[in-house]
*Asks:* 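Have a look at the structure that comes next, please.
Residue numbers start at 1 and run along the sequence shown.
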Amino acid sequence: LLPIHGWVFRPEEDSRRRQAALAILHRLLRLRAHDPGTEMLDRRARAFLVDNLGDKRVTVRVGGVDYSLPPSGANGHFYEVLRLPTEIVAATGEPGVMDDPEHSGDRWIPFAAVLPATDSRQAGGAVHLLPDGGLSVISDIDDTIKVTHVGRRRKLLRQTFTREFEAVEGMAELYARWQAAGAAFHYVSRSPWQLYEPLAEFTATAGFPRGAFHLRHFRWREGHTLRADADRDLKQRIIHEMITNFPRRRFVLVGDSGERDPEVYADLARAFPEQIQAVLIRNSSGESARSERFSLAFDGVPRAKWQDFDDPRELTELRLPEGFS
């Protein structure tokens, strides 16, 4: 079963709406025309200022077979779960199945949109062949692996739109060790889908393991403001579905204290006590593990199952499930 997610949109390169939106962002961030970061702002904001195209059908090719996907919704996004023939998935060397050269046995299936012969664009992705058993690390992004400053609005916007993304020191090395021991990775975040490409580039460049992304929908609404779709339980719902779909896998949840990760992860740890092996919270808000917030959040969760940390090196002695260290 291969989940596929796509987005159909038309760029608004020279529209008045785009120019007005960029002007608002420039004023909000107090940027002048020649300030450092202006060019990056224009580039990263471009994905937020597009026409989403609904009711568009895309055909994808996987392992030499074409699949017609459901039409895109009003926000331009479409989703489907494909059931591939087992011979394509199982056969070594079969077209469409590739092994990760850096990690033996880590297999991915690439897929690509089928476009007219006159269209030179390329659009596609890859799906991880995830075994029924094993260990998955579910990681937040902002202030967990990437310095974002979520609690400070203007600083957050500057970090997101005007600067190269900065990795939290030591996290890539920690994740690389876990990956070498056999862990798979999933990045679940409230960051918007419009930032998927720069985020994927950041994780690859910074040395984080390749993994699936699960992000949040943002859209430009009337009144010229960027607002998130109203789903505060998005992260919890996504992780709950992942754990339910893989009842034989074990999970480690990694987040930070800047938003609701302690509360969300603790709820999941209570719901899946056998599958969730550890909850790890980076202390980005300066709170102590002995604070009232942590005591309330982790009520009923064994203390040996959760840990807060300031420096990833504090986790070097963490005992993961047998076979993962």
*Asks:* For Arg43, give me all partners under side chain to side chain donor-acceptor pair (under 3.5 Å), at least two apart in sequence or on another chain.
*Replies:*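 With neighbours one apart ignored, the set is empty.
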
*Asks:* Just checking Arg61: does its CZ atom have more than 12 heavy atoms from other residues, nucleotides or ligands closer to it than 6.0 angstrom?
*Replies:* no

*Asks:* Over 60° means perpendicular and under 30° means parallel, so classify the ring planes of Phe185 and Trp178, tilted if in between.
*Replies:*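 Taking Phe185 first and then Trp178, their aromatic rings lie parallel (interplane angle under 30°).
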
*Asks:* Between Tyr175 and Ser139, does the side chain to side chain donor-acceptor pair (under 3.5 Å) criterion hold? Intermediate values first, please.
*Replies:* CA-CA 10 Å; Tyr175 283 12; Ser139 174; 2.8 Å; yes

*Asks:* Are there over 12 heavy-atom neighbours, none belonging to Glu169, within less than 6.0 Å of that residue's CD?
*Replies:*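 No.
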
*Asks:* Transitively linked via ILVMFWY side-chain contacts under 4.5 Å: Val8 with Val50?
*Replies:*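 Different hydrophobic clusters.
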
*Asks:* Could you tell me whether Lys235 and Asp261 make a salt bridge, using a distance below 4.0 angstrom between a side-chain N and a carboxylate O?
*Replies:*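 Looking at Asp261 together with Lys235, the answer is yes, because their closest N to O distance falls below 4.0 Å.
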
*Asks:* Show the nearest heavy-atom pair for residues Gln159 and His149, with the distance to one decimal.
*Replies:* CG-CD2, 3.8 Å

*Asks:* Answer yes if the side chains of Asn52 and Trp7 hold a donor-acceptor pair under 3.5 Å, and no otherwise.
*Replies:* yes

*Asks:* Salt bridge or not between Arg313 and Glu173? Use side-chain N to carboxylate O under 4.0 Å.
*Replies:*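 Answer for the salt bridge query: no.
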
*Asks:* In this structure, are over 12 heavy atoms from other groups packed under 6.0 Å from Arg290 atom CZ?
*Replies:* no

*Asks:* Flag yes if Val65 and Ile109 sit in one hydrophobic cluster, no otherwise; membership is Ile, Leu, Val, Met, Phe, Trp, Tyr, and two members link when side-chain heavy atoms are under 4.5 Å apart.
*Replies:*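 Yes.
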
*Asks:* What do you reckon, is CG of Asp55 surrounded by more than 12 foreign heavy atoms closer than 6.0 Å?
*Replies:* no

*Asks:* Go through the side-chain N and O atoms of Asp142 and Thr148 and say whether any donor and acceptor fall under 3.5 Å apart.
*Replies:*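 The criterion, which ignores hydrogens and geometry beyond distance, is satisfied for Thr148 and Asp142.
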
*Asks:* Of the non-hydrogen atoms in Tyr265 and Gly255, which two are nearest, and what is the gap between them?
*Replies:*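 The answer is CE1-N, 3.5 Å.
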
*Asks:* Tell me, yes or no, whether the heavy-atom count around Tyr196 atom OH, taken from other residues, nucleotides or ligands under 6.0 Å, exceeds 12.
*Replies:*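 Not more than 12 within 6.0 Å, no.
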
